[in-house]
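Written out below as C-alpha cells is the structure these notes cover.
Values below: every heavy atom of this structure, side chains too, minus hydrogens, waters and symmetry copies. Chain naming here is simple, since letters A, B, ... match the order of the sequence lines and numbering starts at 1 in each.
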Number of protein chains: 2
Amino acid sequence: MISFPQLDAFRGGNGITRVIGHRGARGVMPENTMEGFKFTIDVGIDALEFDVILTRDRIPVITHNHYLLGAATREPNGRWITGEEPKVSRLTLKELQTFDVGGLDGNTVYGQRFADQVFLNDIRIPRLSELLDLAASPGMEGVHLLLELKSDPEAIDDKNERADVVQHVVDEVRARMLESRTILHSFDWLLLDECRKIAPDMPTSYLSQLPESSEDPSEETSITIGPNYKELTTSLPRAVKEAGGQMWCPYFEDVTPDLVAEAHDLGLLVTTWTANEASDIDKMMDAGVDGIVSDHVGRVQRCILNRGQRWVP
Amino acid sequence: MISFPQLDAFRGGNGITRVIGHRGARGVMPENTMEGFKFTIDVGIDALEFDVILTRDRIPVITHNHYLLGAATREPNGRWITGEEPKVSRLTLKELQTFDVGGLDGNTVYGQRFADQVFLNDIRIPRLSELLDLAASPGMEGVHLLLELKSDPEAIDDKNERADVVQHVVDEVRARMLESRTILHSFDWLLLDECRKIAPDMPTSYLSQLPESSEDPSEETSITIGPNYKELTTSLPRAVKEAGGQMWCPYFEDVTPDLVAEAHDLGLLVTTWTANEASDIDKMMDAGVDGIVSDHVGRVQRCILNRGQRWVP
C-alpha cells in the first residue's frame, strides 16, 4: 500500500483544524497570484489551494476560469476586459501574460464580494512552475499544495485531453520532486481516474457540490463537469472511497456531521470549500472537518484559536 | 521659508485621495510590527502611520500604548498578559522584546474589533531604527512616515521629558537622512512645539479628537494629552495654523466639509484617523480630505477606485 505523507498536513483532529488558503487568500490579495501565495505563506498558512489550466502552448498556468473573468482582468491598455472574455486555452502564455490580474472591478458583483481585497498593478497570471519553484526553494519545506485541475466543459468528452492535462501537470510536479507535498484535486471525477493512473504516488481529492446548493456569482460553474449526483447510489463519502480517493472536499453548505463521520470511518480526510463567514467556519468545526478552504485565512485562524484549537501541531 | 517636500506625498486633490496605513495595516496584520509595515508597502501603500515611545534605556520603539495592551501581548510563556500591564518606559529594550505582539486575544473587545487580523508567533515590538532602516534601503524611496510621538500622560508636566523624547527620535531620523520623508505627528500640541524647535526642517501634524467623540475601546485615551478644546477661541484648523502646523489630522467623526475647506484655505493638509467602514471612508472623500488613515488599506484603495480616483499620481 502506498503511503501519502502529504495527507498528514491536511489531517485534523486532536485539537487541530487545518487552514487552506483559497486561491492564496482571495479576501486580502488578488487570487491565484504569486503575491497572494507569498502572503498566505508569510502569515503562517502552508496549505495552498489553487487552479491549473493549460494555455494554447500547453503550459500549465494558475487561474480559475477557462474564460478570463472580466471583473478581475485588465487589458494591456489598463481597461477591464470588455466584450467577449478570452479563453485561456486559446491564448499562448505570452498572450495570456499581457493581462493584469492584480485587482477587481468594484462595479461588478464579483468585485463587490471581495471589497477588502487590495488593488495591485502589473500582476501576471503565474505559470504553475513559478509556484512549484517557490515551494521547492529552501525554507519552504512545510508548503503543501492542493492542486486543482480544471476540466474544460467544452472538452468534457475528450479523454485524451484529460490525460494530457494531467501528464503536463504531473511532469512539472515531479521535476521538482514535490509529489510528496501535492494532492491532486478536481470536480471532474473522471479526470481523477487519470490522475491515479498517471500518478499513483499522489493522492486524489474529490470536490463536490450538490446541484441544489447556491452558486458563487460570476464564477464558472463546476456542476457541469462533476459526477451526476442523482445517479449516485451511495453517499458521497462512499462514492469518493469507491472511486479511489483519499480526500473528500464538499461545498460547505453540503457538509453535515454525519457525512464527515462517515467519511472518517471510511479513512477519508474531509476538507471543505469555501467557508468565509465566521458562523460558517464555526459550523464546519462543529461538523468535525479536517480542514477549511477559505479566502479569509486570518479569520479562520482566529475562529480556530477562539475555540482553543490550532492549525499546526 | 522652508519647503517640506514630504507634504506632497500626503496631498490630495485633482482626483487623488491618499491612503495612510494605520499602524501598518491593523485590519489584516498585527499593528506596529515590521511584518505589518512590509505588507502595507507591498500592497502599494507607501505612507505609514505608527507610534513611538521610549524604553527605559531611552530607545525609541514602535508601539501604541504606554502600558502594553494585554489583548495584543503574550508573555514569554505564551500566555496573554494577566494582571498589571507592564509600562514600556519602565522596561529595557531587551525586556520589552521578550513579549510577543503577533496576535490578538479573541476573548477581548479589542481582539473582536479586528477579527480578520492574522495570528503570528514570535513577533517583537520593533525599534524605530528597524523601520527607518527599511525606509532608507534601496527601492524604498517612495516610503513616507507619519511618525506619531506619544506623550506619557503621567509625565505631562515635564517639558524636559518632551524635548528629550523628540531629540532621540529626530536623531534617529537624521542618522538615515529621512527628514525629507518624515512628518512629526502628535496629540500633544506642546510636544509639537518642541518638534518645531528641534527639527524645524520637518513639518508637524496636529492630531485632534473632540471630547464628545466616541472613544476606541481598549486603547489608551489621547484626550488627556491634547489641548483643552473648550478653551480654544478659534476653529481647530485655525488653531493648528497658529500653532505652526502644516497638517491637521482630526478624528473622522469630527470632520466636516466646511472645516476641511477652511483648513485648505489656511494652507494646511487634512488627513483623518481612523476611517475603517466603507461608508465612513466615502464620507471622508465627500468632505475633501487629502488622506485617510485606515486599518483597512485594501478597502480604502477600493473605495477610492470606485469613485474614479487614485491614491498615487
Side-chain angles (χ1 to χ4, degrees), chain A residues 19 21 25-30 33-36 38-45 71 74 78 80 102-108 110-123 276-279 281-282 294-312, chain B residues 19 21 25-30 33-36 38-45 71 74 78 80 102-108 110-123 276-279 281-282 294-312:
Chain A
V19 187
R26 180 171 55 165
V28 175
M29 296 290 286
T33 62
M34 290 304 295
E35 291 70 17
K38 286 175 189 163
F39 167 79
T40 308
I41 295 168
D42 278 349
V43 302
I45 302 304
R74 282 165 282 164
W80 300 106
L104 297 177
D105 180 356
N107 291 316
T108 63
Y110 192 79
Q112 287 155 15
R113 276 178 68 197
F114 302 103
D116 288 357
Q117 192 189 92
V118 303
F119 194 94
L120 306 180
N121 291 306
D122 301 320
I123 305 298
N276 281 338
E277 298 304 319
S279 57
I281 294 163
D282 284 338
S294 180
D295 295 308
H296 295 278
V297 294
R299 192 180 298 165
V300 184
Q301 287 177 326
R302 302 287 299 282
C303 288
I304 289 172
L305 291 170
N306 285 349
R307 63 170 72 192
Q309 292 201 3
R310 57 204 193 284
W311 58 92
V312 282
Chain B
V19 187
R26 179 171 55 166
V28 175
M29 296 290 287
T33 61
M34 289 305 294
E35 291 70 17
K38 286 175 190 164
F39 167 79
T40 309
I41 295 167
D42 278 349
V43 301
I45 301 304
R74 280 166 283 163
W80 300 106
L104 297 177
D105 180 356
N107 291 316
T108 63
Y110 193 77
Q112 287 155 14
R113 276 177 69 197
F114 302 102
D116 288 356
Q117 192 189 92
V118 302
F119 194 94
L120 306 180
N121 291 306
D122 301 319
I123 304 298
N276 280 339
E277 298 303 320
S279 57
I281 293 163
D282 284 339
S294 181
D295 294 308
H296 295 278
V297 295
R299 192 180 297 164
V300 184
Q301 287 176 326
R302 302 285 299 283
C303 288
I304 289 171
L305 290 169
N306 285 349
R307 64 170 71 193
Q309 292 202 3
R310 56 202 193 283
W311 57 92
V312 282

| said: Under the rule for salt bridge (Lys or Arg N to Asp or Glu O under 4.0 Å), what residues qualify as partners of B:Asp105, not counting sequence neighbours? | reply: none
| said: Is it the case that atom CD in B:Glu277 sees more than 12 heavy atoms from other parts of the structure closer than 6.0 Å? | reply: no
| remark: Closest heavy-atom pair, B:Asn306 versus A:Gly106, reported as atoms and distance to 0.1 Å, is OD1-CA, 3.4 Å
| remark: Distance col, row B:Leu120:CG vs B:Glu35:CD, nearest 0.5 angstrom, shows 6.5 Å
| said: Please identify, among A:Asn107, A:Asn121, A:Leu305, the residue contributing the most non-hydrogen atom pairs under 4.5 Å to chain B. | reply: A:Leu305
| request: Give, as side chain, backbone, both or neither, the part of B:Gln117 having an atom under 4.5 angstrom from any heavy atom of chain A. | output: both
| request: Looking only at non-hydrogen atoms, find the nearest pair between A:Gly21 and A:Val297 and report the distance. | output: CA-CG1, 3.7 Å
| task | Flag the one option from B:Arg302, B:Arg299, B:His296 with the top tally of heavy-atom pairs under 4.5 Å to chain A. | result | B:Arg302
| note | Applying a strict 4.5 Å limit to non-hydrogen atoms, the region of A:Asp42 in contact with chain B is backbone
| said: Angle between ring planes, A:Phe119 versus A:Trp80, binned at 30° and 60°: parallel, tilted or perpendicular? | reply: perpendicular
| note | When the 4.5 angstrom heavy-atom criterion is applied to B:Val43 and chain A, the contacting part is both
| message | Is A:Leu104 in contact with chain B via its backbone, its side chain, both, or neither, using a 4.5 Å heavy-atom distance? | response | both
| field | Best-contacting candidate, B:Lys38, B:Gln301, B:Met29, against chain A by heavy atom pairs under 4.5 angstrom | value | B:Gln301
